[in-house]
2 protein chains.
Amino acid sequence: MVTIKEVAQKTGFSTATVSMVLNNSRLARNMSQETRSHIKRIARELGYTPNHFARSLRSMRSRAIGVIARDITDPYCAQIFRGIESFIRRRGYVPILTDTQCDGGQFEHLIEILLERRVDGLITLGSSLSLDTTVLEGFVRGRVPAVMIGRECNSQTISTIAVDNESGARLGIEHLIALGHRNIAFIKGPKDLTDATRRWSGVCSLAQETRLALDRNLIIQLSEPASTCEGGYRATQALLARKRLFTAIMAFDDMTACGAIRALSAAGLGVPGDCSVIGFDDVALAASYNPTLSTIRQPLEKMGFIGAEILLKLIKTPLAKQASRPVLRSVKPALVIRESTASPGNPTGKPRRGVFDKG
Amino acid sequence: MVTIKEVAQKTGFSTATVSMVLNNSRLARNMSQETRSHIKRIARELGYTPNHFARSLRSMRSRAIGVIARDITDPYCAQIFRGIESFIRRRGYVPILTDTQCDGGQFEHLIEILLERRVDGLITLGSSLSLDTTVLEGFVRGRVPAVMIGRECNSQTISTIAVDNESGARLGIEHLIALGHRNIAFIKGPKDLTDATRRWSGVCSLAQETRLALDRNLIIQLSEPASTCEGGYRATQALLARKRLFTAIMAFDDMTACGAIRALSAAGLGVPGDCSVIGFDDVALAASYNPTLSTIRQPLEKMGFIGAEILLKLIKTPLAKQASRPVLRSVKPALVIRESTASPGNPTGKPRRGVFDKG
DNA sequence: TTGTAAGCGTTATCAG
DNA sequence: CTGATAACGCTTACAA
């Protein structure tokens with residue numbers, strides 16, 4: 001492996017000069033053009049590659065970002081990650097990605113591993129509780145900047161990027177109402193998930209404003225701690241068992257919505273013919289589902305961008321004069337209309353039925 | 001940040017001694033038990049963390065693995081990645097993950113970035129051509145060991161883990177035949193994808209052995225270069241337009257199969273009532289689809305394990321005495337039966353129809 | 001405009 | 001059994 005020393009020898013200059021030239025440093029500005037191009041040429045000819053180890057040792061910065069995903073096989077995390085990766089790569093950083101595999105117990109351990117590697121900053125992905133805010137706060141206090149993406153929480157030290165869940169939920173119902181639905185069932189998300197709470201307040205506030213009646217018999221709570229297709233399936237079965245009329249379901253998220261669709265199909269009900277279904281997130285699945293799923297899109301990749309941008313800014317800011325309050329950024333969701341929602345009228349040519357309509 | 005020097009001072013020993021103790025090195029074996037525990041205790045009390053930069057500089061190893069995914073938002077890649085990550089973590093390695101975003105042009109660049117970071121080994125994920133074998137070969141020659149996961153290819157230098165596509169395809173048809181299907185349509189994968197070729201030879205060999213007639217009118221080729229839901233949709237529409245009888249579709253992979261199901265549904269045909277559909281891969285989507293998808297499972301996480309294991313072994317082997325031939329490992333696929341396949345008989349109580357059956 | 005030299009924190013090789 | 005000491009390759013004051 002060719003070192004800076006060899007380049008220095010071949011060019012006749014000192015290693016200091018070579019280093020400055022190769023880094024386009026301040027001091028290199030006023031060196032003869034000749035010197036600079038000569039050194040650069042020789043370096044290229046020799047195939048010189050700076051040694052990252054030495055560089056990091058000197059500068060005490062790794063130019064690596066530690067990422068902790070709640071579940072990297074979840075497209076939700078993967079898409080945010082993509083945003084992060086492509087953003088930081090352009091700035092000369094690289095991501096070290098670790099995965100809790102939905103096991104909250106791993107979280108501390110992963111932080112330790114990453115801090116040991118001296119990452120310049122930390123990002124967590126995924127809204128689950130398995131990424132504990134207080135744990136993170138304790139660890140990074142005064143060490144490295146950290147950003148949480150995909151989770152609304154009011155930390156005093158950690159910056160946060162999350163979708164505006166409340167307006168997302170409102171978008172969803174507004175869409176259903178506009179289609180003519182009045183009997184809307186709700187599958188609420190896991191109790192102790194901030195996102196679930198926020199979405200539900202969105203629903204409630206909109207219902208109040210529009211005088212939409214919320215039938216408590218049409219509200220059901222996911223029993224699982226996490227959101228799965230299976231959970232949506234069971235919740236919908238339970239809903240059907242109540243034998244109340246509804247023409248639409250608003251699910252906590254896309255996975256839940258898919259489960260709901262399956263349960264409706266299994267019960268011989270068509271989507272959207274007999275019942276509309278809307279999800280939340282717009283994970284890749286949504287666009288391929290059968291039927292394709294109307295949903296509220298979180299701009300996942302963009303959230304990755306923003307998170308990475310904030311983190312890199314924090315990294316550049318000297319610790320001393322960082323704002324004492326963290327950045328809490330919320331991004332706007334968007335309605336995506338696909339096949340799974342339609343008017344309760346007669347969208348597919350079949351007679352209007354609704355679910356358990358008397359007709 | 002507390003260094004080894006401070007530990008040395010506090011304990012009264014030299015840095016050398018401390019280093020040896022803390023690494024449980026050979027020489028530390030025959031040091032007094034007292035010394036060792038004392039040093040360790042003080043180190044812990046001081047909160048000493050070894051500096052990875054210095055360590056790497058010294059040892060010239062990063063204990064980091066470079067991973068290049070064709071598309072990390074594709075659950076196929078993500079699941080393999082999970083296998084890799086959890087395997088190497090247990091051995092003290094960490095993954096630096098980069099993503100071509102399906103852009104083959106990025107591949108070289110990503111390799112360069114990772115090599116610059118002095119990763120100890122390289123793994124590529126995903127079967128696409130956007131991961132070019134020859135490019136990889138050229139780059140890593142004599143530099144770092146490399147393993148490709150998810151792509152069958154006969155490289156002379158790069159080790160490979162891939163599913164046995166041929167027997168996978170055979171499993172699929174055997175299942176359909178066992179169910180009673182004789183008129184089977186095939187959606188072949190992208191022409192220049194090894195996996196597609198292999199799967200097709202599996203189909204052909206089994207057809208020959210079982211005297212199953214392959215109707216060329218029931219064979220269609222994906223037009224897209226990559227596999228998407230959309231591609232499966234269009235292929236199936238084209239198939240339907242031919243107005244030939246078939247009672248089952250064997251799709252190139254899960255995404256294609258989902259597209260096929262959508263097209264069938266759109267045409268008013270039920271799955272599996274009117275037509276069975278089987279996929280390949282068993283990505284997460286398959287288990288949640290409507291209907292849930294019968295498919296051939298690739299043991300993705302396990303492939304990640306195996307790939308990582310081979311890579312770490314290569315890393316430990318001194319370059320001089322590495323086997324000249326790379327490891328080419330093939331893993332067994334498994335049939336996963338879900339809802340999308342059933343006998344052409346009368347599985348759902350509806351009259352038997354088949355697609356374009358005269359009845 | 002360029003060179004010298006002092007580290008950065010570890011680890012390995014000696015010598016004792 | 002333990003201690004000095006010399007690298008590892010690079011950056012950056014400071015000197016010239």
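Keep in mind that what you see is a predicted model, and the values were worked out from it rather than measured. Atoms considered below: every heavy atom in the structure, side chains included; atoms not considered: hydrogens, waters and symmetry mates. Chain A is the first sequence line, chain B the second, and so forth, proteins listed ahead of strands; every chain is numbered from 1.
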ask   = What is the nucleic acid contact for B:Met60, judged by heavy atoms within less than 4.0 Å: base, sugar-phosphate only, or nothing?
value = sugar-phosphate
ask   = Which part of the nucleic acid, if any, lies within reach of A:Thr35 when heavy atoms closer than 4.0 Å are counted: base, sugar-phosphate only, or nothing?
value = sugar-phosphate
task = Under 4.0 Å between any heavy atoms, over every strand shown, what does B:Thr49 touch: base, sugar-phosphate, or nothing? Just pick one.
result = sugar-phosphate
request  = Whole angstrom is fine here: how far is it from CG in A:Asn23 over to P in D:dG9?
outcome  = 17 Å
B:Arg90 atom CZ, neighbour heavy-atom count above 12 within 6.0 Å = yes
query = When the distance from CD of A:Gln33 to P of C:dT1 is rounded to whole Å, what number comes out?
reply = 12 Å
request  = Find the distance B:Gln9:CD to D:dG3:P and express it as a whole number of Å.
outcome  = 13 Å
remark   = From CZ of B:Arg58 across to C1' of C:dT11 the rounded distance in Å is 5 Å
key: Inter-residue atom distance A:Phe81.CZ - A:Asp99.CG, 0.5 Å rounding   = 11.0 Å
request  = May I ask you to say what B:Phe53 touches in the nucleic acid, namely base, sugar-phosphate or nothing, with a heavy-atom cut-off under 4.0 Å?
outcome  = nothing
task = Please report, rounded to the nearest Å, how far the P atom of C:dC8 is from the CD atom of B:Glu6.
result = 11 Å
For atom CZ of A:Arg26 and atom P of C:dT1, their distance in whole Å = 17 Å
query = With a 4.0 Å cut-off, would you call A:Glu45 and A:Arg41 a salt bridge?
reply = yes
task = Evaluate the side-chain proximity of B:Leu311 to B:Ile84: yes if any heavy-atom separation is below 4.5 Å, no if none is.
result = no
note = Residue pair B:Leu57/B:Ala16 against DNA chain C: nearer the 5' end by closest nucleotide is B:Leu57
task = Round to the nearest Å and state the distance from A:Lys5 atom NZ to C:dA5 atom P.
result = 13 Å
query = When you check the phosphate oxygens OP1 and OP2 of C:dT1, does a side-chain N or O of A:Ser32 lie under 4.0 Å from one of them?
reply = no
task = Would you kindly give the CG-to-P distance between A:Leu22 and D:dC10, to the nearest whole Å?
result = 9 Å
query = For A:Thr17 and C:dT2, is the shortest distance between a side-chain N/O and OP1 or OP2 below 4.0 Å?
reply = no
Sugar-phosphate, base or nothing in reach of B:Arg55, heavy atoms under 4.0 Å = sugar-phosphate
task = Let me see the working for A:Ser25 and A:Asn23 under side-chain hydrogen bond (donor to acceptor under 3.5 Å, both in side chains), right down to the final yes or no.
result = CA-CA 5 Å; A:Ser25 85; A:Asn23 290 311; over 6 Å; no
inquiry  = Just to be sure I understand the rule, does A:Ser25 reach a base, reach only the sugar-phosphate, or reach nothing, if contact means heavy atoms closer than 4.0 Å?
reply    = nothing
request  = Assign each of B:Met20 and B:Ala54 to its nearest nucleotide of DNA chain D by heavy atoms, then name whichever residue's nucleotide is nearer the 5' end.
outcome  = B:Met20
request  = Tell me whether the OP1 or OP2 atom of D:dC8 has a side-chain N or O from A:Asn51 closer than 4.0 Å.
outcome  = no
